[in-house]
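Structure, as structure tokens:
Atoms within a ligand are numbered from 1 in the order they appear, just like the ligands themselves. Note that the numbering runs from 1 along the sequence shown for the chain.
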Amino acid sequence: MTEAGGADTAAGATRVVVDLGAIEHNVAAARGLVGPDVEILAVVKADAYGHGAVRAAQACERAGAAALGVALVQEGVELRRAGISLPILIQTLADSGEIDAIIENKLMPTVASLDFARELSRRAEAAGATVDVHADIDTGMGRIGFEPESAVEQIAEVNRLPSLRLDGLYTHFSNSEIEDDPWTLRQLETFREVAKCLAQADVRPPRLHAANSGGVINYPAAHLTLVRPGLMLYGVYPGPGLEEKVALRPAMRFETRIAFLKEIEKGAPLGYGRGFIAPGPMRVATANVGYADGYPWRLSNVASALVRATRAPVVGRVSMDQLLLDVSSVPDVAIGDTITLMGSDGDERISADDLAGWAGTISYEILCGVGKRPASRR
Ligand SMILES: *Cc1c(COP(=O)(O)O)cnc(C)c1O
């Protein structure tokens, strides 16, 4: 099921095309790795890594996700407004000013301090509500969470608060994209130990989870009762060399069209800073896409795009809204030709990892950046 723009065929049209069928395929691929009994919480934070949170969340639900994960309360509220009723975990720490929105929208916050948990319980009680919460344990990521040393005592206290229900216990890995990583194994061991001690104290939340995409692919022992994949649901591998373990399908395609074509002479300068000087006569295409659309400035003079299934190097600096391609070797090139910035054309493909490698960043940042101009996503 490809969501293509269809009507928009004007020269220069830049768009992000999201293949919701690929997202469904990738949820099923995660299911294949974790088996039938482990729940999948689909992470759709940051507008589903740039894919559009509502439609991505709906695709994940169709494919059998049991819950959703977002970073911010506001992101959870947007999903509720769109009519999504799955449990929604808020994975960063909410501010006390957001507690009303949590209660009203039946969101599931992360708790990592007793102060916040107490205030949440007090306000839930006043509203006549019970709030499901997940307690986060910092086993070695160093971001948020209860410290393992005091976690048992503090989480037992959270569990006693009258208007909270401890639905889950979780931790987050820092290195799970690497196989057999000793730090990850130690994080898992620490988490299991805390969970065991809590069980001995009669605190047994139904959901235990640790695995992000790397954990899903590389650490079966970390699947526990629920997994939290993000990146892999969008068809991108969290690390190199994982293609043999699971077949994912990229869900995002980023494309535009040739807006302008010209022939230039040897020595002609291109773009800001005269960042490229033609080494000989060339044919150059202009595209209406730039770093404001999430095509990083760092791709200047290093990336390539696909035109008529042929690689066309980016020449000169990427501007805010335009860039230039050397299309000298593209047969029959014409104004209006599709330019594939990320995605496939014929036998050629440019992946999020290719763009990330050229730009000196990670695939996650490429996906989040692309399609930031909201009208561009179809
Ligand atoms: C972002 C995030 C995930 C998903 O991570 P991926 O590497 O994209 O699979 C899972 N859990 C938490 C707490 C996160 O912040």
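Here the OG atom belonging to Ser213 is positioned 10.0 Å from the CD atom belonging to Glu177, to the nearest 0.5 angstrom. In this structure, CZ in Arg80 is found 13.5 Å from CD in Glu75, a value given to the nearest 0.5 Å.
Listed by chain and residue number, Lys245 satisfy the side-chain hydrogen bond (donor to acceptor under 3.5 Å, both in side chains) test with Glu179 (two or more places apart in sequence, or in another chain). Contacts of Phe191 classified as ring-ring contact (aromatic ring centres under 6.0 Å, His included), with partners at least two apart in sequence or in another chain: none.
The immediate protein surroundings of ligand 1, defined as residues with any heavy atom under 4.0 Å of it, consist of Val43, Lys45, Tyr49, Gln91, Arg143, His172, Asn212, Ser213, Arg228, Pro229, Gly230, Leu231, Tyr364.
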For residues 258-276, which side-chain N or O atoms pair as donor and acceptor with protein atoms under 3.5 Å away, sequence neighbours left out?
| residue | atom | partner | partner atom | Å |
| --- | --- | --- | --- | --- |
| Glu263 | OE2 | Arg283 | NE | 2.7 |
| Glu263 | OE2 | Arg283 | NH2 | 3.2 |

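For Arg186, the CZ atom sits in a loose shell: 12 or fewer heavy atoms of surrounding residues, nucleotides or ligands are nearer than 6.0 Å.
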